Amino acid sequence: MKINTRRRSTRYQLNSEINITNLMDIMMVLLVVFMVAAPLMTSGIALDLPKVGGKALEGEDTSINISVDKDGYYYIGQTEVSADKIVGKLNAIKKQNNEVTVTISGDTGAEYGRVIGLMAILKEAGFDKVGLKTEPKLNRKK
């Protein structure tokens, strides 16, 4: 009796192709998720910045943004910070980068004294590069 072993071995051939359809589906879902989530990650504190003319400042220095909301609270990033702790936090950052600049984003409803008081605190602490952040004014041509 002769057993045909050749026939049995060809019946279980492995498929060595890579099916990338599933990988493409996953990549498309991730792309859509990141496209939707990216604007939400950069929002920060909701402020109504004053609209004035002028051009944007240019520079490669590292800038720290301090926000003053309409209720007069100070924020570094999204963290609320009291006025007496701002200088300590900024000095810790300045130790790492001596060329750091500070930008103040003041809401249009914020008290003028709170914004100017913050500028005075920063100047007394030795921060010479302090600026105010605004939004560009829309020019309508008729």
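Note that the structure is a prediction, hence the values are computed from the model and not measured.
The distance from atom CD of Glu80 to atom CG of Asp71, rounded to the nearest 0.5 Å, is 9.5 Å. Annotation: the span from Leu90 atom CG to Ile121 atom CD1 amounts to 10.5 Å, rounded to 0.5 Å. From Ile76, atom CD1 reaches atom CD1 of Ile93 across 6.0 Å, with rounding to the nearest 0.5 Å. Here the straight-line distance linking atom CD of Gln78 with atom OG of Ser67 works out to 9.5 Å at 0.5 Å rounding.
Closest non-hydrogen pair, Ala125 versus Asn91, comes out as O-OD1, 4.5 Å.
At a threshold of 4.5 Å between non-hydrogen side-chain atoms, the residues Thr101 and Asp128 do not count as touching. By the 4.5 Å heavy-atom criterion applied to side chains, Val68 and Tyr73 are not counted as neighbours. When side chains are defined from C-beta on, Tyr75 does not count as touching Val81, because their heavy atoms never get closer than 4.5 Å. Residues Ile64 and Thr103 fail the side-chain proximity criterion, which asks for heavy atoms closer than 4.5 Å.
Around NZ of Lys123, the count of heavy atoms belonging to other residues, nucleotides or ligands within 6.0 Å exceeds 12. For Glu111, the CD atom counts as loosely surrounded, since its 6.0 Å shell holds 12 or fewer non-hydrogen atoms of other residues, nucleotides or ligands. Counted within 6.0 Å of CZ on Phe127, heavy atoms from surrounding residues, nucleotides or ligands total more than 12; the atom is thus considered enclosed.
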Check: residues 20-39 side-chain donor-acceptor pairs under 3.5 Å, at least two apart:
{"unit_1": "Thr21", "atom_1": "OG1", "unit_2": "Asn19", "atom_2": "OD1", "d": "3.1"}

Report the C-alpha distance between Leu118 and Val130 in whole Å, list the side-chain angles of each, state the deciding distance to 0.1 Å, and finish with yes or no for side chain to side chain contact (heavy atoms under 4.5 Å, CB included). CA-CA 10 Å; Leu118 177 61; Val130 178; over 6 Å; no

Review point. Could you walk me through whether Tyr74 and Lys85 pass the side chain to side chain contact (heavy atoms under 4.5 Å, CB included) check?
Key: CA-CA 10 Å; Tyr74 299 119; Lys85 294 182 181 177; over 6 Å; no

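Between the side chains of Asn65 and Ser105, at least one donor N or O lies within less than 3.5 Å of an accepting N or O.
For the side chain to side chain contact (heavy atoms under 4.5 Å, CB included) with Met119, the qualifying choice from Ile104, Ile66, Val102 is Ile104, the only one to do so.
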